[in-house]
Amino acid sequence: MSDATETADLREDFVREMVRKDLRDGTYSRVQTRFPPEPNGYLHIGHAKAITLDFDLASEFDGTCNLRFDDTNPDTEDTAFVDGIIEDLTWLGFTPSGDPLYASDYFEQLYAWAESMIERGLAYVDDQDAETISAQRGGYGQPGIESPFRTRSSDENLDLFRRMRAGEFGEGTRVLRAKIDMQHENMQLRDPVMYRIRHEHHHRTGDRWHIYPTYDWAHGQSDAIEGVTHSLCTLEFDSHRALYDWYLEQLPLPHERPRQTEFARLELTHTVTSKRRLAGLVADGVVDGWDDPRMPTLRGLRRRGYPAAAIREFCSYIGVARTNSRHQIELLESFVRTHLNRVAPRRMAVLDPIRLVITNWPEGLVDHVEVVNNPEDPADGTRMVPFSGELFIERDDFMLDPPPKYFRLTPGREVRLRAAYFVTCTHADTDADGQPITVFATYDPATRGGNAPDGRKVKSTMHWVSAAHAVDGRAMLYDRLFSAEVPGDRTGDPLDDLNPRSRQVLDNCRFEPALADCPHGEVVQFERLGYFAHDTREPQLFHRTVGLRDEWARIAGRT
RNA sequence: UGGGGUGUGGUGUAAUUGGCAACACAGCAGAUUCUGGUUCUGUUAUUCAGGGUUCAAGUCCUUGCACCCCAACCA
């Protein structure tokens with residue numbers, strides 16, 4: 001479509017370059033990727049980057065991408081998360097090749113391979129506890145110590161391992177370890193644990209198993225079983241790659257050996273993207289839930305009104321590299337604005353109302369003015385909006401004593417009420433503190449529709465609603481959940497950087513009548529205010545997705 | 001402390017692989033506008049540091065520095 005899209009398609013990141021080379025030199029004859037979430041939480045914006053990479057890469061090379069739940073740890077996993085992840089992935093707009101797959105479906109194969117490792121003297125049962133094993137692993141630059149159980153016979157190992165499976169031993173009493181090299185400079189290769197004992201209920205295999213494979217023992221093999229060629233993961237797994245390869249080299253694989261490639265995870269300013277931290281925010285009641293509009297989860301962003309397409313465009317735009325970096329949340333927001341500007345219908349809503357009385361308006365008259373739905377999309381047509389002598393306007397659209405460059409309503413000044421009439425402010429009633437309560441103005445009947453026949457101009461056009469026809473409702477204005485660009489940068493704890501005003505609730509909003517028919521979940525633009533998403537449940541509750549660029553706020557902020 | 005990874009405007013990402021450092025966001029200035037929105041135009045600002053090879057270095061060599069990851073029976 002546009003030049004930008006074409007350049008984006010031509011852009012070569014290091015992953016695509018690698019895949020192209022693999023195909024050219026015959027290392028692989030096809031491309032298969034996978035997205036492998038652990039079902040212990042919901043998907044967030046960081047996952048969206050990985051998802052976009054995995055799925056786009058596959059489709060660009062006519063390959064496939066499957067969804068695999070990495071459910072090797074029964075402690076924290078749950079089917080609710082499985083369903084939620086599928087739902088979020090679907091919403092984002094990606095369809096896995098085939099049904100969802102589960103690492104737990106490979107437990108039997110993994111077990112058989114483990115026995116074969118034992119038989120070949122490549123794995124042993126260690127009776128030591130976690131602390132001891134950790135201490136013996138040594139440190140960076142420090143030698144490791146071999147476990148006294150490292151030299152057990154295959155027969156004894158096999159017997160013990162089978163009894164571990166049968167559930168004869170308590171949690172933490174024994175593990176199965178790979179016998180590699182306790183002096184290896186890469187800590188991951190100092191006899192890593194392959195199996196641990198857990199008498200925990202697993203969300204899919206129930207109580208059948210008492211031992212569970214670790215990530216390292218399960219992941220590469222799962223890739224291999226499924227026929228994955230390019231296994232993409234984030235940078236922190238870099239040092240695991242040697243182990244990934246080592247395990248695969250020891251086993252008879254049904255397909256060509258997959259290869260792991262790491263890329264930098266997505267970090268955003270003012271945002272945390274760690275399932276642990278997000279789960280903490282939910283558990284501590286800092287937010288209302290995983291779908292709180294302030295959450296960077298896919299369901300939070302959806303409820304907030306972020307279009308899936310904008311998230312996808314953002315993810316492919318930022319590309320993939322190996323540099324640890326933190327993108328400004330403003331960039332994401334600009335994608336959201338650009339998208340919404342094209343598609344969001346415009347509506348008039350007064351969030352903080354003040355009464356405007358037109359003193360020369362004919363008693364009891366109700367006019368209906370025609371308003372354009374979206375100036376960016378003429379096909380969206382127009383609508384009729386009722387206008388009368390008693391209106392609501394935005395409180396900060398009027399000032400008794402305005403600063404320089406204030407273009408809005410003030411005594412003596414004429415402004416345009418959008419698509420209706422020019423009005424000139426005469427005066428205002430104030431309370432004991434001098435705060436305006438009601439604003440009075442006169443209108444010019446000749447300006448109906450919003451233009452003066454004599455060609456005179458006004459500096460400002462304002463939105464309004466007719467008091468008698470307005471629909472009451474609420475709006476929630478969101479600001480960053482964390483005020484610091486890097487939450488936790490100062491103290492180590494992101495909670496120290498929580499923004500106490502991340503949500504502002506406005507209970508006294510007045511909406512134009514058309515908003516009564518707004519479908520739940522739909523995003524509209526409240527003219528001059530921003531984009532707002534109609535809540536999925538509560539009628540007439542609108543969440544501010546993102547504000548408009550606001551030059552007046554910048555000007556006012558400087559003084 | 002050993003190993004691995006990464007350094008390009010304020011931020012992030014590119015640079016035909018040794019050939020004029022560009023794109024977006026943010027900023028600033030102006031124009032247009034029935035949204036202080038949109039759109040348009042202009043503009044500010046960049047190769048971590050030192051040394052070397054070369055007609056030519058962001059790219060190659062070398063020395064240093066900074067940051068990130070790894071010593072879970074998490075993923």
Side-chain angles (χ1 to χ4, degrees), chain A residues 4 7-8 11-13 17 36-38 40 70-73 75-76 126 129-131 133-144 171-177 184-188 190 192-198 211-212 214-216 218-219 233-242 262 264 269 275-276 317-328 330-335 337-338 341-342 346 348 371-372 375-376 405-408 416-420 422 449-451 457-463 485 525-530 547-556:
Chain A
T7 17
R11 177 141 62 192
E12 275 277 300
D13 52 64
E17 196 172 332
E38 185 189 11
N40 66 345
D70 225 337
D71 55 352
T72 55
N73 181 359
D75 293 355
T76 54
D126 195 332
D129 61 23
E131 295 89 300
I133 290 174
S134 170
Q136 289 176 349
R137 190 116 49 203
Y140 304 133
Q142 310 291 117
E171 292 192 3
T173 57
R174 269 175 247 263
V175 290
L176 184 72
R177 287 229 259 169
H184 202 105
E185 60 195 16
N186 181 346
M187 291 296 154
Q188 304 296 335
R190 313 250 264 223
V193 170
M194 298 163 65
Y195 277 93
R196 69 288 205 184
I197 298 170
R198 273 298 113 84
I211 53 173
Y212 289 90
T214 55
Y215 165 85
D216 289 298
H219 202 94
C233 63
T234 45
L235 242 28
E236 65 268 28
F237 292 100
D238 185 293
S239 58
H240 292 244
R241 190 173 61 241
E262 313 83 21
T269 55
K275 258 192 232 171
R276 203 187 102 239
Y317 180 80
I318 59 174
V320 38
R322 287 178 66 88
T323 316
N324 283 307
S325 57
R326 191 174 286 266
H327 287 263
Q328 292 174 327
E330 288 84 352
L331 182 62
L332 208 209
E333 290 173 341
S334 91
F335 274 85
R337 283 198 193 94
T338 300
N341 179 51
R342 285 197 307 264
R346 312 295 130 119
M348 292 197 285
V371 188
V372 172
E376 303 297 315
K405 292 189 182 163
Y406 185 85
F407 299 152
R408 283 111 99 143
R416 171 168 39 231
L417 294 180
R418 171 106 231 237
F422 283 14
N451 277 309
K457 304 284 185 198
V458 289
K459 292 278 265 190
S460 178
T461 299
M462 298 173 9
H463 61 278
E485 279 206 350
Q525 184 194 102
F526 288 172
E527 293 220 35
R528 306 206 300 136
L529 298 174
L548 263 22
R549 285 181 72 233
D550 188 349
E551 193 181 337
W552 169 240
R554 284 209 302 275
I555 293 167

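Basis for what follows: all heavy atoms, side chains included, without hydrogens, waters or symmetry-related copies. Naming: A, B, ... by sequence-line order, numbering from 1 per chain.
- The same atom, C1', is picked in B:rA66 and in B:rG27; the two are 28 Å apart, to the nearest Å.
- Heavy-atom nearest nucleotides on RNA chain B were determined for A:A135 and for A:R326, and the one closer to the 5' end corresponds to A:R326.
- Residue A:R276 is out of contact with every strand shown, counting any heavy-atom pair closer than 4.0 Å.
- Taking CZ of A:R137 as the start and CZ of A:R190 as the end, the distance is 9.0 Å to the nearest 0.5 Å.
- A salt bridge links A:D75 with A:R198: the closest approach of a Lys/Arg side-chain nitrogen to an acidic carboxylate oxygen falls below 4.0 angstrom.
- We find that A:R322 and A:D238 are joined by a salt bridge, their nearest charged nitrogen and carboxylate oxygen being less than 4.0 Å apart.
- In terms of phosphate contacts, A:S239 brings no side-chain nitrogen or oxygen within less than 4.0 Å of OP1 or OP2 of B:rC69.
- The side chain of A:N73 approaches B:rA75 more closely than any other nucleotide in the set B:rA75, B:rU6, B:rC25.
- Within the 4.0 angstrom heavy-atom criterion, base atoms lie near A:E17.
- Of the candidates B:rC73, B:rA14, B:rA71, B:rC73 carries the atom nearest the A:A130 side chain, counting heavy atoms from C-beta on.
- The listed nucleotides are B:rA14, B:rC69, B:rA71; the one nearest the side chain of A:M187 is B:rA71.
- Within 4.0 Å of A:L331, counting heavy atoms only, lie sugar-phosphate atoms of the nucleic acid but no base atom.
- Between A:R418 and A:H463, the side chains place no donor N or O within less than 3.5 Å of an acceptor N or O (distance only, hydrogens not considered).
- At a threshold of 4.0 angstrom between heavy atoms, the contacts of A:V320 are confined to the sugar-phosphate backbone, with no base atom among them.
- Between A:R322 and B:rG7 there is no side-chain polar atom (N or O) within less than 4.0 angstrom of OP1 or OP2.
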Secondary structure of RNA chain B in dot-bracket form (Watson-Crick or G-U wobble, distances below 3.5 Å, | marking inter-strand pairs):
.((((((..((((.....[..)))).(((((.......)))))....(((((..]....))))))))))).....

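- Contact check, A:S325 against B:rU13: a side-chain N or O comes under 4.0 Å of OP1 or OP2.
- Among the heavy atoms of the strands, none lies under 4.0 Å from A:N40.
- One P atom belongs to B:rU59, the other to B:rG7, and the distance between them is 12 Å to the nearest Å.
- Ring orientation note: the planes of A:H240 and A:F237 are nearly perpendicular, at an angle over 60° on the 30°/60° scale.
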Short heteroatom pairs, N/O only, protein and nucleotides 35-39 of chain B, under 3.5 Å:
unit_1: B:rU35; atom_1: O2; unit_2: A:Q525; atom_2: OE1; d: 3.1
unit_1: B:rU35; atom_1: O2; unit_2: A:R528; atom_2: N; d: 2.8
unit_1: B:rU35; atom_1: N3; unit_2: A:Q525; atom_2: OE1; d: 2.5
unit_1: B:rU35; atom_1: O4; unit_2: A:R346; atom_2: NH1; d: 2.2
unit_1: B:rG36; atom_1: OP1; unit_2: A:R528; atom_2: NH1; d: 2.9
unit_1: B:rG36; atom_1: O2'; unit_2: A:E551; atom_2: N; d: 3.1
unit_1: B:rG36; atom_1: N7; unit_2: A:R408; atom_2: NH1; d: 2.6
unit_1: B:rG36; atom_1: O6; unit_2: A:F407; atom_2: N; d: 2.9
unit_1: B:rG36; atom_1: N1; unit_2: A:K405; atom_2: O; d: 2.8
unit_1: B:rG36; atom_1: N2; unit_2: A:K405; atom_2: O; d: 3.4
unit_1: B:rG37; atom_1: N2; unit_2: A:E376; atom_2: OE2; d: 3.0
unit_1: B:rU38; atom_1: OP2; unit_2: A:R549; atom_2: NH1; d: 3.0
unit_1: B:rU38; atom_1: O2'; unit_2: A:N341; atom_2: ND2; d: 3.3
unit_1: B:rU38; atom_1: O2'; unit_2: A:E376; atom_2: OE1; d: 3.2
unit_1: B:rU38; atom_1: O2'; unit_2: A:E376; atom_2: OE2; d: 3.1

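- Between A:R137 and the phosphate of B:rC73, there is a side-chain N or O to OP1/OP2 separation shorter than 4.0 Å.
- Comparing the C1' positions of B:rC70 and B:rU63 gives a spacing of 26 Å, expressed to the nearest Å.
- A distance of about 36 Å separates the P atoms of B:rG52 and B:rC69, rounded to the whole Å.
- Comparing atom distances between the A:E185 side chain and each of B:rG3, B:rA72, B:rC70 picks out B:rG3 as nearest.
- Contact of A:H184 with B:rA71 (side chain to base): no donor-acceptor pair of N or O atoms is detected under 3.5 Å.
- Aromatic ring centres of A:Y317 and A:F335 lie closer together than 6.0 Å.
- For A:Y212 and B:rA75, the OH to P distance is 12 Å, given to the nearest whole Å.
- Within the 4.0 angstrom heavy-atom criterion, no nucleotide atom of any strand lies near A:T76.
- Between A:W552 and A:Y406, the distance from one ring center to the other falls under 6.0 angstrom.
- Heavy atoms of A:Q188 sit under 4.0 angstrom from primed sugar atoms or phosphate atoms, though from no base atom.
- Distance check on atom C1': B:rU47 versus B:rU1 gives 32 Å, rounded to whole Å.
- Here A:Y140 packs flat against the base of B:rC70; its ring centre is closer than 5.5 angstrom to the base's six-membered ring, tilted by less than 30 degrees.
- Nucleic acid contact class of A:N451 (heavy atoms, under 4.0 Å, all strands): base.
- Contact annotation for A:F237: base contact, defined as any heavy-atom pair under 4.0 Å involving a base atom.
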